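The structure under discussion appears below in the form of structure tokens.
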Amino acid sequence: MSSVRSHRRSVISEAVAPWGDIARLLRGGEAGTLLPVIIPKHRRRLWWMLPLWAGGYALLSGVMLTLKESGSDGLGGMAAGALATLSYVVGVLLLVIGGLWWWRSSIVEIEQGTHGVLTRYGAVVRTLDAGRHYLWHPWSRVDFVVDTATEIPYSAPVMACPTQENVPLRSIEFFLKFRITDAVLFVRTIGAGNFDLVLSSAVQDAIRQRARRVRTERAYDLRGSDVADMQDLLNRQLDRYGVRITGCNIPDVQLPAQYQQHLATREQVAKERTAYEQEWGLIRKRRIDSLGMDIERAKKIRDARIVEVRAALNRAREEVAQLLERQETEAQRVRFEIETRGRSGLIAAENEARAQQALAKAYRDNRAVLQYELARRRLEVGSRLAGKAPRPVVVRTDGGTDTSALSTLFTAQLLPRLTSGDRAPNGSALLSAEDGGHDQR
């Protein structure tokens, strides 16, 4: 179907048709032919002048019969009057019939969206807009009815179009829409049949120029490509004919069989690549989503652990604060105890010091008493020894005389031993008395 469609080209032509078929032919064409211009079959003839001429002749005959009736009398005059009356009646009827026929044949109705080209004696006078018009001049007629509102589609496939590598493409189908902007310029300058040839040639030239700039492997890029430059080129070429291109595009491009197979393989590979890329994109997206979920889960766990750590830290701080408070309380208690013990120790030490001071004072007093008692006993012992001694013994030393109580006591102990043996018990008792006094000391 694509092959048949690619080899079908639009044909622009004109046709001769009665007024009743003009609308149908302009809108639908005829057997695949585009008909932007219709030459109407004129129903207007000069037969409407025959009743007018006959009516005028009858009126003129009636006038002549009336003049004859006024110049004669009797039966001839009456016959002339009757014939004159009949001539007047027939003349008036013929004039009315001729006038009605002329009025009816002068009516022209132009379809909506079209323009009629009015001519007189073969010369173009003006264009008629859509609606009813009256052509009172006998030799005025509408020679062409041109469709100036419809955008006419035109398809022009170009066969064996070479590319940049000089590879002939099977066909390039070019589709455009044009509209006739100036009816008089179109019908008098080129006409529908010639315009078909001119448009086909211009389209083929533009397509071939475009194809020459395209590589064969990129030929499919022509489908749906921007053809604004081609439209501008065609408008510049067709503007002199009163035609304007309103839109165009390249709907289809057919390559040779070898390139079609090659491009089909490339398209298959491209599709597979696209499928793999999409699959990989889905896998990557799934992995990214999974990683994102893991990250979010890790963030939640981290936040939960942070909350737990903060709670534990708060608890630790509370415990440390309580411990510090207890330690401070314990320290204060210990400090108070130490201070209490210290004060107690200080008071005890002070008391002990006072006691020691008192004891020392008492000791000093006792020492003086003891010294006094010792001196007294010494005197007693000395007196006793002096009373019991047989004779006085004077002990001299080289260093001088020792008059101390100890030397005296020692001398007193040695004297009995030196003098007699029987008096040794008394000396022992004396030494014992001296030792007892010394211990008390």
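Remember, predicted model here, so these are calculated numbers, not experimental data. Along the sequence shown, residues carry numbers from 1.
Of all heavy-atom pairs between Arg213 and Gln164, the closest is O-OE1, 4.0 Å. Closest approach of Ala160 to Pro162, counting heavy atoms only: O-CD, 3.4 Å. Pairing each heavy atom of Cys248 with each of Phe174, the nearest pair is CB-CZ, 3.5 Å. Nearest heavy-atom pair, Ala211 versus Ile172, reported as atom, atom and distance to 0.1 Å: CB-CD1, 4.0 Å. When all heavy atoms are compared, the tightest approach of Ile245 to Gln231 is O-NE2, 3.2 Å.
Taking 4.5 Å as the limit, some side-chain heavy atom of Arg302 sits within range of a side-chain heavy atom of Lys299. In this structure, the side chains of Phe144 and Val184 stay at 4.5 Å or more apart for every pair of heavy atoms. Under the 4.5 Å side-chain criterion, counting only non-hydrogen atoms from C-beta, Leu176 is in contact with Leu199. Side-chain contact between Leu169 and Gln254 is absent, with no heavy-atom pair separated by less than 4.5 Å. You'll find the side chain of Leu238 reaches within 4.5 Å of the side chain of Phe195, heavy atoms only. In this structure, the side chains of Arg208 and Val158 come closer than 4.5 Å at one or more pairs of heavy atoms. Residues Leu34 and Ile12 form a side-chain contact, since some pair of their non-hydrogen atoms from C-beta on lies under 4.5 Å apart. Inter-residue side-chain proximity for Val198 and Gln237 is flagged as unmet; no heavy-atom pair is nearer than 4.5 Å.
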Derivation and outcome, side chain to side chain contact (heavy atoms under 4.5 Å, CB included), residues Thr163 and Val214: CA-CA 6 Å; Thr163 60; Val214 178; 5.7 Å; no

Criterion salt bridge (charged side-chain N to carboxylate O under 4.0 Å, His left out) on Asp232 and Arg236, from CA distance to verdict: CA-CA 6 Å; Asp232 295 338; Arg236 289 194 298 269; 5.4 Å; no

Stepwise side-chain hydrogen bond (donor to acceptor under 3.5 Å, both in side chains) test for Asn314 and Glu318: CA-CA 6 Å; Asn314 294 331; Glu318 292 178 357; over 6 Å; no

Pair Arg315-Glu319, salt bridge (charged side-chain N to carboxylate O under 4.0 Å, His left out): steps then yes or no: CA-CA 6 Å; Arg315 289 195 300 270; Glu319 292 177 357; 5.7 Å; no

Intermediate values then yes/no, salt bridge (charged side-chain N to carboxylate O under 4.0 Å, His left out), Lys300 and Asp303: CA-CA 5 Å; Lys300 291 181 179 179; Asp303 295 339; over 6 Å; no

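For the pair Ser200 (side chain) and Asp196 (backbone), a donor-acceptor distance under 3.5 Å is absent. When atom types are taken as modelled, the side chain of Asn351 and the backbone of Ile347 share a donor-acceptor pair closer than 3.5 angstrom. The main-chain N or O of Phe336 is found under 3.5 Å from a side-chain atom of Thr340 such that the two form a donor-acceptor pair. Under the 3.5 Å distance criterion, the side-chain polar atoms of Ser290 are left unmatched by any main-chain donor or acceptor of Arg287. Side chain of Ser10 to main chain of Tyr154: no donor-acceptor pair is present (N/O by atom type, distance under 3.5 Å, no hydrogens or angles). Side-chain N or O atoms of Thr181 include one that pairs as donor or acceptor with a backbone N or O of Gly242 at under 3.5 Å.
Atom CZ of Arg305 is surrounded by 12 or fewer heavy atoms from other residues, nucleotides or ligands within 6.0 Å. Summarising the local packing, CD of Glu272 is surrounded by more than 12 heavy atoms from other residues, nucleotides or ligands at distances under 6.0 Å.
Glu328 CD to Arg335 CZ: the interatomic distance, rounded to the nearest 0.5 Å, is 10.0 Å. With rounding to the nearest 0.5 angstrom, the CZ atom of Arg179 is 8.5 Å from the CZ atom of Arg244. One distance of note links CG of Asp229 with CG of Leu234; it measures 9.5 Å at 0.5 Å rounding. Interatomic distance, Thr265 OG1 to Gln268 CD, rounded to the nearest 0.5 Å: 6.5 Å. Between the CG atom in Leu35 and the CD1 atom in Ile152 there is a gap of 9.5 Å [rounded to 0.5 Å]. Note: Met159 CE to Gln204 CD = 10.0 Å, rounded to the nearest 0.5 Å.
Between Asp294 and Arg297, at least one side-chain N (NZ, or NE/NH1/NH2) sits under 4.0 Å from a carboxylate O, which counts as a salt bridge.
Across Met230, Glu173, Arg212, a single residue satisfies side-chain contact (heavy atoms from CB on, under 4.5 Å) together with Ile207, and that is Met230.
Remark: aromatic rings of Phe178 and Tyr241 are distant, center separation not under 6.0 Å.
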